[in-house]
Undergrad: 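The structure is given below, and queries will be raised subsequently.
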Amino acid sequence: MIETSVLKNRYKEIFGSEPDLLAKSPGRINIIGEHTDYNEGFVLPTAIDKAIYVAVGKREDQEIHLYAEDFNEKYSIDLADLAITDKGWPNYILGVVDQLQKLDLPLSGFNLYLDGDVPLGAGLSSSAAVECATGFTLNELFSFGLKRVDIAKIGQLAEHTYAGVKCGIMDQFASVLSKEGHVLRLDCRTLEYEYVPLELGAYEIVLLNTNVKHSLASSAYNKRRELCEQGVAWVKEKHSDVNSLRDITVDMLDELVKDRDMDTYTKCKYVVEENIRLDKACEALKKGDIEELGKQLFLAHAALSDEYEVSCEELDFLVDFVKDIPEVVGARMMGGGFGGCTINIVKKGFGQQLADAIAPAYKTKFNLELDPIFVKADGGSQLLK
């Protein structure tokens, strides 16, 4: 957590005045439901107690002045000249400003200071947190009257247009709309959602960061998307009311896809069954059956690794290692794949011991450090006093 006094003082040092507002927007985890979002399925994310923090103030002109603590770097541009920059980090903010301009909202110049404690590159959606912190704070600063769902959509469009990543809505939605102590069961087709209590009892969530990100990720993602769309097209030839894998059963895939292409069949079957696993995980949470929740996580990992083929050696190693440890009831890779973290449901107080037990073996095999990240389910975007 970053203290508000630190944010205020740094803002004043950089911009020479007091900020008008301080706010934060969190990173996120996803309990289960991977690669279902772009197939109009369900996801089960929640915000975490690690966030992107911003301090903002209005200016008398039409200029935007930004400062990122992580990069120790300033960036300025006039609102009239708004464009994508090759610097990288400002694009997550500028993309949001671009969307606000397209909505013809009465935006003028501002200063924005940015800091955070979301681990970068761990798959905890620091980029979505930046977009949502920006949208949420500017909405408050200029009294636009946008709803939280609007802010999430603006963040997603900013990522599509200025960061060049065709992400689903899950990350931004979780960052803005999460509720402390709950997960969001989000329908990625309708954006209807339900809060499900995340009461783990004697257990807690520990992330294990592989500290790798394999370059396969973007090309593999596009290939998986194509196979899912192909499967839907083949089923649609017979069932015209089908729009996505959300509408398809395994029986339909057996009849209409399996004999045409096994790879397409396997990828589509994974998505259909992941939605079923998510429903079982939700039921388990509602009943307080954490062992059953853990079982669904292990099943999800096996399917992500063997069927959807988006895991990697490092992720598989971490999940295999914890399988026979009684204090761990469930684990899987989390996120798009090919690196990032595993999510583990672990007996309270055992997380550090677990990390200490795995780290030497992980280091020996991959010559990489293993970082445990301890997280709690938290609320979405909020103003700070």
Side-chain angles (χ1 to χ4, degrees), residues 1-29 45-60 64-72 74 89-90 92-93 96-97 100 105-120 124-152 154-155 158 171-184 195 197-198 373-385:
M1 186 178 168
I2 297 169
E3 296 296 331
T4 53
S5 58
V6 174
L7 294 171
K8 283 176 78 167
N9 292 341
R10 286 295 285 141
Y11 181 95
K12 198 169 181 179
E13 283 168 23
I14 292 154
F15 299 115
S17 60
E18 293 282 342
D20 294 324
L21 286 176
L22 306 171
K24 69 171 185 174
S25 208
R28 66 100 192 96
I29 53 172
T46 181
I48 54 172
D49 54 347
K50 300 191 186 310
I52 296 295
Y53 292 78
V54 294
V56 295
K58 285 185 183 177
R59 294 177 60 87
E60 297 296 313
I64 302 173
H65 288 244
L66 310 175
Y67 184 89
E69 191 66 57
D70 269 352
F71 298 95
N72 191 21
K74 277 184 171 175
W89 68 264
Y92 297 102
I93 300 164
V96 171
V97 174
L100 295 172
L105 293 165
L107 189 67
S108 59
F110 61 89
N111 299 321
L112 187 147
Y113 168 80
L114 183 73
D115 198 1
D117 59 2
V118 183
L120 302 178
L124 301 178
S125 300
S126 54
S127 59
V130 173
E131 292 148 5
C132 295
T134 303
F136 179 80
T137 315
L138 295 179
N139 182 51
E140 295 288 338
L141 186 67
F142 293 103
S143 305
F144 293 147
L146 296 168
K147 293 186 169 69
R148 284 181 179 255
V149 174
D150 300 328
I151 293 165
I154 284 166
D171 297 350
Q172 291 82 2
F173 210 93
S175 189
V176 185
L177 282 117
S178 285
K179 184 172 158 185
E180 191 176 349
H182 292 72
V183 287
L184 274 163
Y195 292 110
L198 183 66
I373 303 170
F374 299 92
V375 295
K376 287 191 177 74
D378 209 351
S381 309
Q382 66 180 92
L383 289 175
L384 302 171
K385 296 273 188 292

Undergrad: For the backbone of G57 and the side chain of Y11, can you confirm whether one donor and one acceptor N or O come within less than 3.5 Å of each other?
TA: yes
Undergrad: Determine which pairs satisfy side-chain hydrogen bond (donor to acceptor under 3.5 Å, both in side chains) with at least one residue from residues 48-57, sequence neighbours left out, and list them in order.
TA: none
Undergrad: Do L112 and I64 have side chains that approach each other closer than 4.5 Å (heavy atoms only, starting at C-beta)?
TA: no
Undergrad: Working to the nearest 0.5 Å, report the span between SG of C132 and CG of D171.
TA: 8.5 Å
Undergrad: Excluding sequence neighbours, so at least two apart, what forms salt bridge (charged side-chain N to carboxylate O under 4.0 Å, His left out) with R148?
TA: none
Undergrad: Once side chain to side chain contact (heavy atoms under 4.5 Å, CB included) is applied, do any residues pair with V149, and if so which ones, sequence neighbours excluded?
TA: K153, F173, L177, L191
Undergrad: Pairs under 3.5 angstrom only: tabulate donor-acceptor contacts from the side chains of residues 136-147 to other protein residues two or more places apart or in another chain.
TA:
from, atom 1, to, atom 2, distance (Å)
T137, OG1, A133, O, 2.4
N139, OD1, G145, N, 3.2
N139, OD1, L146, N, 2.9
N139, ND2, L146, O, 3.3

Undergrad: Under 4.5 Å between any side-chain heavy atoms of L114 and L66, yes or no?
TA: no
Undergrad: Any chance you could measure S108, atom OG, to K58, atom NZ, to the nearest 0.5 Å?
TA: 6.0 Å
Undergrad: Side chain to side chain contact (heavy atoms under 4.5 Å, CB included) with S126: which residues, sequence neighbours excluded?
TA: V118, L120
Undergrad: How many angstroms lie between OG in S178 and CG in L184, if you round to the nearest 0.5 Å?
TA: 4.5 Å
Undergrad: Tell me every residue that passes side-chain hydrogen bond (donor to acceptor under 3.5 Å, both in side chains) with Y113, counting only those two or more places apart in sequence or in another chain.
TA: E69
Undergrad: E60: what forms a salt bridge (charged side-chain N to carboxylate O under 4.0 Å, His left out) with it, not counting sequence neighbours?
TA: none
Undergrad: Measuring only between side-chain heavy atoms, which start at C-beta, is R59 closer than 4.5 Å to N111?
TA: yes
Undergrad: Working to the nearest 0.5 angstrom, can you tell me the gap between K179 NZ and T46 OG1?
TA: 11.0 Å
Undergrad: Output the distance between atom CG (D70) and atom CD1 (I52), rounded to the nearest 0.5 Å.
TA: 7.0 Å
Undergrad: Considering non-hydrogen atoms only, spot the tightest contact between M1 and D117 and give its length.
TA: N-OD2, 2.8 Å
Undergrad: Search all heavy atoms of A174 against all heavy atoms of R28 and return the closest pair with its distance.
TA: CB-CB, 3.9 Å
Undergrad: For K8, check side chain to side chain contact (heavy atoms under 4.5 Å, CB included) against everything at least two apart and list the hits.
TA: E18, P19, L22
Undergrad: For V96 and Y92, which heavy atoms make the closest approach, and how far apart are they?
TA: CG2-O, 3.4 Å
Undergrad: Supply the atom-to-atom distance Y195 OH to E180 CD, rounded to the nearest 0.5 angstrom.
TA: 12.5 Å
Undergrad: Return the set of residues passing ring-ring contact (aromatic ring centres under 6.0 Å, His included) with F110 (not counting sequence neighbours), or none when no residue passes.
TA: none
Undergrad: Taking the side chain as every heavy atom from C-beta outward, state whether P119 and L124 have any atom pair closer than 4.5 Å.
TA: yes
Undergrad: Go through the structure and list residues passing side-chain hydrogen bond (donor to acceptor under 3.5 Å, both in side chains) with H182, not counting sequence neighbours.
TA: none
Undergrad: Checking E131 against Q172 for the side chain to side chain contact (heavy atoms under 4.5 Å, CB included) test, could you report, in this order, the C-alpha distance in whole Å, the side-chain angles of both residues, the deciding distance, and whether it holds?
TA: CA-CA 8 Å; E131 292 148 5; Q172 291 82 2; 3.0 Å; yes
Undergrad: Distance-only criterion, 3.5 Å: show the donor-acceptor pairs between side-chain atoms of residues 373-385 and protein atoms not counting sequence neighbours.
TA:
from, atom 1, to, atom 2, distance (Å)
S381, OG, S25, OG, 2.6
S381, OG, S175, O, 3.4

Undergrad: Excluding sequence neighbours, so at least two apart, what forms side chain to side chain contact (heavy atoms under 4.5 Å, CB included) with E3?
TA: S5, V6
